[in-house]
Amino acid sequence: MPPATTRSTPDADPQRLSRPAKVAEAIKSWVVEANMKPGDRLPNELELIERFGMAKGTIREAMRILEAQGLVKTRTGPGGGSFVHEVSEARARALLGNYFYFKDLTVSDIYQLRMVLEPEMAAGLAGKLSADQLAALEANVARYVTPPKDAEEERAQHIASLDFHKLLASYAGNELLGFVIGFMAQMLSDLTVMRRLYEPRNYELWKMGTDHQIELISALRVGDAPRARAIMREHMEAAQAFMVRQEAEMERRFLEGR
């Protein structure tokens, strides 16, 4: 059987990839072409060596690459072997987050994209959420319905308020849209914790965010798409302004050695 060929992708340039990485790409392409599904068993090591025409060490390293990417799961013991594995949303967010880890992302960078996507998502969900979904959104808001008493509670509430957006995104019915919005909320949550943006206590930010989310649930319940869009847009604009000020305040404190 002739060796499988790799598909051409920006990150799979044969001139730049190591031999095991090239084989990993070839295995991925073969899995897609063979229409394999999560849980399907991959050929054993000897079969892979024959199929891809590579040495044992190269095949093993290629499989380690795929396992690190979350695309292959290896089990030992009776019935063990290597299996096609579906990457979970949480793992995909973590892997993508690693790419941005050393990028100089700002709050404004994230909100620039959120303001394009989230108002339209909210409008599209108006009148389409079930009673259970609306109840789940209300239960999330209940986690921060009273003002925080200290910086630690401020941090917890801020993260919980971003969970509202991840939860809403999960109802979008569009896997890509839901993932992107959920990823941005997670990135903002990570930035908030990493840069301690919750420390400058801000009652106005808490009240504005909570009020907007309560109003949004009301618009979603009655199916008022224009109102849902407007509320989310106002929420995004106000939150960005507040968070940029929080960011500037923390930078000022750092420069003053506080």
Side-chain angles (χ1 to χ4, degrees), residues 4 6-13 16-18 20-42 60-75 81-122 124-125 129 133 136-137 140 158-195 232 236:
T6 58
R7 294 180 175 181
S8 177
T9 64
D11 290 325
D13 183 347
R16 295 187 299 169
L17 294 180
S18 66
K22 290 178 186 177
V23 175
E25 289 296 321
I27 293 173
K28 284 196 287 186
S29 295
W30 176 75
V31 165
V32 172
E33 290 160 5
N35 199 30
M36 298 184 76
K37 305 297 182 186
D40 287 351
R41 183 192 294 272
L42 289 166
R60 287 185 176 179
E61 184 60 29
M63 294 299 286
R64 279 194 287 267
I65 290 171
L66 293 174
E67 191 161 13
Q69 293 174 350
L71 296 170
V72 166
K73 190 77 171 178
T74 300
R75 296 200 298 266
S82 295
F83 300 84
V84 178
H85 188 254
E86 184 175 12
V87 180
S88 69
E89 184 175 337
R91 183 171 176 81
R93 281 203 305 260
L95 291 171
L96 187 55
N98 289 341
Y99 170 77
F100 288 104
Y101 190 80
F102 293 107
K103 307 293 182 183
D104 190 22
L105 279 183
T106 67
V107 167
S108 292
D109 291 333
I110 297 173
Y111 274 100
Q112 183 179 12
L113 193 53
R114 292 187 79 195
M115 280 194 280
V116 173
L117 296 179
E118 296 206 38
E120 293 308 312
M121 178 192 68
L125 288 174
L129 298 183
Q133 289 171 329
L137 291 170
N140 194 90
H158 193 86
I159 293 173
S161 71
L162 289 168
D163 286 344
F164 177 94
H165 295 271
K166 288 193 281 187
L167 182 60
L168 189 63
S170 73
Y171 300 149
N174 178 322
E175 291 287 344
L176 181 58
L177 180 64
F179 177 82
V180 171
I181 290 175
F183 174 70
M184 289 189 295
Q186 184 62 54
M187 287 291 291
L188 195 55
S189 176
D190 292 345
L191 276 178
T192 297
V193 172
M194 191 179 349
R195 300 178 184 175
M232 184 65 90
M236 293 289 102

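Predicted model only: the values in this text are computed from it and were never measured.
Closest of all the heavy-atom pairs between G39 and F83 is O-CD2, 3.4 Å. For the residue pair N35 and K37, the shortest heavy atom distance occurs at OD1-NZ, 3.2 Å. Closest approach of A62 to P20, counting heavy atoms only: CB-O, 3.4 Å. In this structure, T74 and S82 approach most closely via the heavy-atom pair OG1-OG, 3.4 Å.
Paired with L42 under the rule side-chain contact (heavy atoms from CB on, under 4.5 Å), one option of M63, H85, K73 passes, and it is M63.
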Inset, instruction - Go through the steps to decide whether L177 and E120 satisfy the test side-chain contact (heavy atoms from CB on, under 4.5 Å), and finish with yes or no. - result: CA-CA 11 Å; L177 180 64; E120 293 308 312; over 6 Å; no
Inset, instruction - Could you give me the CA-CA distance, side-chain angles and deciding distance for L96 and F179, then say whether side-chain contact (heavy atoms from CB on, under 4.5 Å) is met? - result: CA-CA 11 Å; L96 187 55; F179 177 82; 4.0 Å; yes
Inset, instruction - Would you check, one step at a time, whether the test side-chain contact (heavy atoms from CB on, under 4.5 Å) holds for K166 with L162? - result: CA-CA 7 Å; K166 288 193 281 187; L162 289 168; 5.5 Å; no
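One distance of note links CG of D190 with CD1 of I159; it measures 8.5 Å at 0.5 Å rounding. Rounding to the nearest 0.5 Å places CG of D163 at 11.0 Å from NE2 of H158. Separation of atoms CG (L113) and CE (M187) is listed at 11.5 Å; rounding is to 0.5 Å. Rounding to the nearest 0.5 Å places CE of M121 at 8.5 Å from CZ of R114. To the nearest 0.5 angstrom, R60 atom CZ is 15.0 Å from I65 atom CD1.
Look at E25 and K28 and you find a salt bridge, because one of the NZ, NE, NH1 or NH2 atoms lies within 4.0 Å of a carboxylate O, short of that distance.
More than 12 non-hydrogen atoms from other residues, nucleotides or ligands lie less than 6.0 angstrom from CD of Q69.
Looking at H165 and L168, their side chains never come closer than 4.5 Å, going by heavy atoms from C-beta outward. Inter-residue side-chain proximity for M184 and L117 is flagged as met; some heavy-atom pair is nearer than 4.5 Å. At least one side-chain heavy atom of L129 sits under 4.5 Å from a side-chain heavy atom of L137.
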